[in-house]
**Student:** 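Just passing along the structure, written as structure tokens.
Labels below follow one simple rule: chain letters A, B, ... track the order of the sequence lines, proteins then strands, and each chain is numbered from 1.
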Amino acid sequence: MTGTWRLAGVGIVLAVMLGALGLRLWTIQVTETDEYNAEAERNLIRVVPTPAPRGDVFDRNGELLAGTRASLAVVVDMGLLEDDFEEDLAGRLSAFLDQPASEILDRFERANSGAQIILAEDLTERQALVLFEHREDFPGVAVIPQPIRDYPGGELAAQVLGYIGKPSEADLERPGVKGTDVVGKAGIERFYDDQLRGTEGVIKYQVDAGRSVLQRLGEQESTPGDNLILTIDSGIQAQLQESLEAGLSLARDLEMAQRGEALAKENGSIASRLFLAREALQLEAERAALEAEAAAADPDEADTVTDEDSVAVDSVVEIDEGEVLGSLYPGLPIDDEGVCVPVQRVEVGVANRTLLSGIDERTMRLEAVVTDRSRRIAVVDIDGERFEVEEGDSFATTLRAIAITDDGIVASHSDAWCPVRAVGVVEDPNDGSIIAMASYPSFDPSAFVSGLTQREWESLGTINAFTNFAVQGQYAPASTFKAVSYVLALEEEIYPLDRPVGDRVLGDGGSEAAPPGDEDAEVPPGDEEGEVPSDDEGADEVEAPATPAPSDEELQPLTSDTDLYNCTGSLRFQFSDGSSQVYRDWKRNGHGPLDLHGALQASCDLYFWEISLRIWNERSDETGINNEDLWQEWARSFGFGTETGIDLPFEKPGLIPDRQWFREEQRKDTGRVRATGPWVGGDLMNAIVGQGAVLVTPLQLGNGFSAMLNGGTLWKPRVLSETVDQDGNVVSENPKTVMETIDIDPATTRALRRDFQQVVNGPIGTARDAFVGFGPGVATVGGKTGTAEIIKAEEDVQEVDTAWFIGVAPVLSPDYVVTVVVERGGSGGRVAAPVARQVLQYILNGEGAVTPIQAGADMD
Amino acid sequence: MPTTTDRSQVSLLRRDRKLRPDWLLLGAYVALSAFGLLMIYTASAPRLEALDVSPTREVEQQAAFVLIGFMAFGVVSLIKVATIRPWVSAIYLGSVVTLILVLSPLGSSVKGAQRWMQLGPIRFQPSEIAKLAVILALAALLSAAARPMRWDRVMRAVALVAVPAVLIFRQPDLGTMLAFGFIAGIMVFVAGATWRQMAALTVAGVIGTVALFQVGQIKEYQITRLTAFLDPVTDVLGAQYNQFQSQVAIGTGGLFGKGLFNGTQTNLRFVPEQSSDFIFTAVGEQLGFVGSLLVLVLFGIVIWRVLVSAANATDRFGQLIATGVAALLAFHVFVNVGMTIRLMPVTGLPLPFMSSGGTVFVMMSVALGLAHSIWMRRSALPGERSAQV
């Protein structure tokens, strides 16, 4: 039939198809078999990188600051895990590791079929043993060794050491950094990350397609990172941290006492009651101590003390502990121990409705949370008045809503007056080595290894505990900066005008600074003419009506640093527009007659203002013939206004302001300077006493002082001493680098050292009080106090002081420069000097010689 | 005609006498099945052993299917295909309904594709059943065709195939859909389509496939995105990787292979699905070119014998069924083996009689049984073939 040929045709087609298969098989299996064999070989080998142990970090005495300890982790090999067993295993692991089974299952499903996932780290020995003994119940689960970063000192040198974490986008661009690595995120861990990380090794395994290891073929061991030896001395570091903490508590106590006293006079508010209760407890304790003492000594005196105190005790209203959590109103935010805290987190819930009471017993209630077009609005009742609060809003004066949830408001509560932080640096002025460096509040870097909770992270974050304020904090250096002017005065022989009587009126000499035709817009109208020729070489002799007539015969400069200038306590500064401002010394009625040395010891503002005015009046021009930036040049030569170049990340440059900077800020409208008007003499007056726009980091200040005290060598500060390999051989030394050699007369250095010694030991020294009872060697201690007044513009002229003290020992041939700053701490003599005192006691006389912290005199 | 009675008496006698099996076909069929079991064992035992499960678990399961398949083959062999003919419409419609049901939530999804149907304890793949149903329906339709075939019948044949093909494509199962096209083409050709009709069908088939592919691309992409989440094996890259590994494994087999249980590539699980879709890889690696060729030859024998059955069929219905069965087997072998050596893309078509899997084995056995039944009732005289239409 007709179909037969068609069937034959079909037969041929099908035969051709089978034939094609045969031909292809011949090619693959016979002709090209060698190539496939080679390919198969490659298939079977898997190269697994082994992480290199991170290098250790030691202090200068070989004490371990950061190391690596062995730990165990639970790893699940997805290649060994059967699909239908996943759920069972997740259940078992859930019970064992205390993680939700759904979460584990979720991770299984997200993982690639060949992947290994780390389920838990840092197992306890007990957990590891259980897993090991019940291996058969946990197929595909392995316990592997895993190195864990360890900081045996806890918070010791935390901000210097920094911490480690997962690499950021930027980290990943560095050579040799993979997403699975850990890298240094801050401090030494970050700065020397490349040295610490080492080179990872590889292990070759024979594996199957599931990536299951069948056999170990060979290993190229990893090279551990190098060890670092720091210039830090753990002992001094520990003492510095302890003293900073003590100093901050002291500052907070003083602040509480000061403000509490004022508040206590008000109505019987909760805050005042709390304050009085605290006072009573303290008095009680003191009385008990005195009574005990009196029992052994004079009984009459003890009675008097008791009588006096009982008055205070009677006025106290009993309050239950925990009744008050804090206040919502300006004045007195306090924690449950009755101490102020700079920032705290407040949760305002719908459920409990009444939250916190204010000092004036107003109350706040959260009425409801409503959602309006995806925005959440919290309706708050404060004293019967209703407010709507959105995220980011400030409310109840001191609160700021961080988040609004269905349940309530999470707000940050900041107290602008509470002492916030204490920072310290100890430097060796002979080579720039940093012996200790800390800021308090601090953190424990180990916390990053085990993982911080969101809450911990936030609470440490709001107080900036991770930041190394010694290099990142910028503060007005205040009176400590008088040392710069002091050196300038001696070197340039510029001393105040010798007319120290009465309320002096001085002219705003150089306010008209712009040369004609140049940027006229900046020049206030009417200022073009009639100005004081600011420089003494202003030959035109223009009549200057606004100028105070310096016609007095006695208006001659003091000719030597030992000539006396009479400090009266105030000085009037005449602006070119006719207005004037009275500048007052921190000591209202003046220091009386003093020379340059006395001015530094007593920290007389007027003396240094006079120096600035001489610079201003005699040099201010832009011709370039006379250098109006004399002071700025001296300040910059000691390293201020630029980074010191220390081997730590994120260093800030500080700021030394001058006319050019001032203009630039005005042009950019940054809001940091007056919107209109030129750079005036008053700006220089502010700058010369370390106020105004001047900013330094604590490290910069200590390093600049080191240069002044060592005879003019500005070192590049360093934290790393040397890098050593695992066998202890030195790989490289961190060289001691001289940044600048400043030409200072040795006599200047000698005088400075002597005057520093007098600040601590002399009759008019501002730190004298703080060093009473120092113990042996106080005569070899010197220093300089400083109190920066930060005027908070948005409040009603409320000042928040930054307290400084720079201590030096031994003062005549310095080996230690101790810089201490207490942010919002009050005066330098009262708060900062006692901190430095403890550190110096430790350095000079050992641990046992450190006396409890106590406030010094409230002096600049 | 004086000889008519004679002839019919003779044929009746002979028919009784000739109700004998095709030993060659049987031999190849049993050999392939046994060979398949051996390969499944070598491919699955090491893995099962590693899991601490009985190493024969998988092969035992398959052996049960093989036995069921053998029985099905025997039973179908004894049934005269003509007796099925009245049932063809019902079988076809039933099959289409099942295909619709499998797309509904009643069907279950494995590895991203919805191909399974659960009926009580029995789980089967409707698309496999559909292949058989389409062969039967086409045979019934085309056996009544005039010669030369009229266009309307061609169109009806196309429509008959298109309905299940589209449904299967939606599962998605591209391999099975293409198998439909191939089988239908061969059957229409044997049924007497003109060259012009064949050319038109080919063009339409290519255009249709490409068009569906275009539509399918989008659909498949979406499905992949969805299913890759549930099972990464479905991703394209993974499939290509597997195919490459399979090719490597076969290539390393060389002329004589590495010997049973020495298939490092398959045993090390570089090759996935090595007991189902990629069973041929195990053959190629362990038994080399010689073993591979042996398998191809066995398939050649089976297909040849089925085509011979077609040639000897006593009616066009039977002839077309046998033709369809031959095309079905050949296409499966070509696409499956081609896939393991990267001659064809990865599709889910199993290797008949060798890949593990119940539905497919039983279905292929039934198909072969139909062909065998036709052979056993072949005409005694060449002139009688297809005469009784």
Side-chain angles (χ1 to χ4, degrees), chain A residues 1-44 78-85 109-115 136 139-140 206-212 214, chain B residues 50-52 147 186 189-192 229-233 238 241-242 244-245 247-255 257 264-265 267-272 284 288-289 292-293 296-297 299-300 303-304 307 310-311 316 319 323 326-327 329-331 333-334 337-338 341-343 382 385-387:
Chain A
M1 62 169 265
T2 44
T4 314
W5 70 264
R6 288 180 184 255
L7 277 174
V10 169
I12 290 164
V13 169
L14 302 190
V16 166
M17 282 164 59
L18 289 183
L21 293 179
L23 265 178
R24 174 84 171 157
L25 282 167
W26 172 264
T27 325
I28 291 176
Q29 294 189 291
V30 181
T31 321
E32 296 172 353
T33 183
D34 290 344
E35 289 165 35
Y36 289 101
N37 278 324
E39 181 62 42
E41 279 301 305
R42 280 198 290 280
N43 252 344
L44 295 169
M78 295 311 291
L80 289 175
L81 197 55
E82 284 297 300
D83 283 1
D84 28 345
F85 190 65
E109 273 166 21
R110 269 185 281 126
N112 292 323
S113 49
E136 66 282 0
Q206 188 188 18
V207 294
D208 67 13
R211 290 282 179 258
S212 311
L214 301 161
Chain B
L51 290 172
D52 229 7
R147 283 173 195 274
I186 297 283
F189 175 68
V190 170
F229 176 73
L230 301 164
D231 185 353
V233 175
Y241 172 81
N242 294 338
F244 177 66
Q245 294 301 334
Q247 188 190 5
V248 169
I250 292 171
T252 57
L255 194 57
T264 49
Q265 298 288 295
N267 285 349
L268 296 181
R269 298 197 279 141
F270 276 106
V271 179
F289 179 67
S292 309
L293 205 62
L296 289 186
V297 167
F299 275 117
I303 293 162
W304 166 53
L307 278 177
R316 288 184 76 189
Q319 182 183 50
T323 306
L329 289 171
F331 192 77
V333 171
F334 181 71
V337 176
I341 53 180
R342 287 219 294 175
L343 203 62
R385 289 175 209 153
S386 311

**Student:** Do you know which of G288(B), G338(B), G253(B), G257(B) has the most heavy-atom pairs under 4.5 Å to chain A?
**Tutor:**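 Among the listed options, the one with the most contacts to chain A is G288(B).
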**Student:** Which heavy-atom pair separates G284(B) from Q29(A) by the least distance, and what is that distance?
**Tutor:**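 Looks like O-NE2, 2.8 Å.
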**Student:** Does the side chain of Q247(B) reach to within under 4.5 Å of the side chain of R24(A), using non-hydrogen atoms?
**Tutor:**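 Contact flag for Q247(B)/R24(A) side chains = yes.
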**Student:** Tell me the ring pair (Phe, Tyr, Trp, His ring centres under 6.0 Å) pairs involving residues 15-34 of chain A, sequence neighbours left out?
**Tutor:**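 Qualifying pairs, neighbours excluded: W26(A)-F289(B).
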**Student:** What part of I341(B) gets closer than 4.5 Å to chain A, counting heavy atoms only: side chain, backbone, both or neither?
**Tutor:**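 For I341(B), backbone and side chain are both near chain A.
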**Student:** Relative to chain A, which segment of A191(B) carries a heavy atom at a distance below 4.5 Å: side chain, backbone, both, or neither?
**Tutor:**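 Nothing of A191(B), per the 4.5 Å heavy-atom cut-off to chain A.
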**Student:** Find the distance between CZ (R342(B)) and CD1 (I28(A)) and round it off to the nearest 0.5 Å.
**Tutor:**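 Reported to 0.5 Å precision, the distance equals 8.5 Å.
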**Student:** What residue, out of I186(B), L307(B), I250(B), has the most heavy-atom pairs lying under 4.5 Å from chain A?
**Tutor:**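 Winner by heavy-atom pair count: I250(B).
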**Student:** For the interface with chain B, which of T33(A), V13(A), V30(A), T27(A) has the highest count of heavy-atom pairs at distances below 4.5 Å?
**Tutor:**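 Between T33(A), V13(A), V30(A), T27(A), the count favours T33(A).
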**Student:** Check the pair V337(B) / L18(A) against side-chain contact (heavy atoms from CB on, under 4.5 Å), numbers first and verdict last.
**Tutor:** CA-CA 9 Å; V337(B) 176; L18(A) 289 183; over 6 Å; no
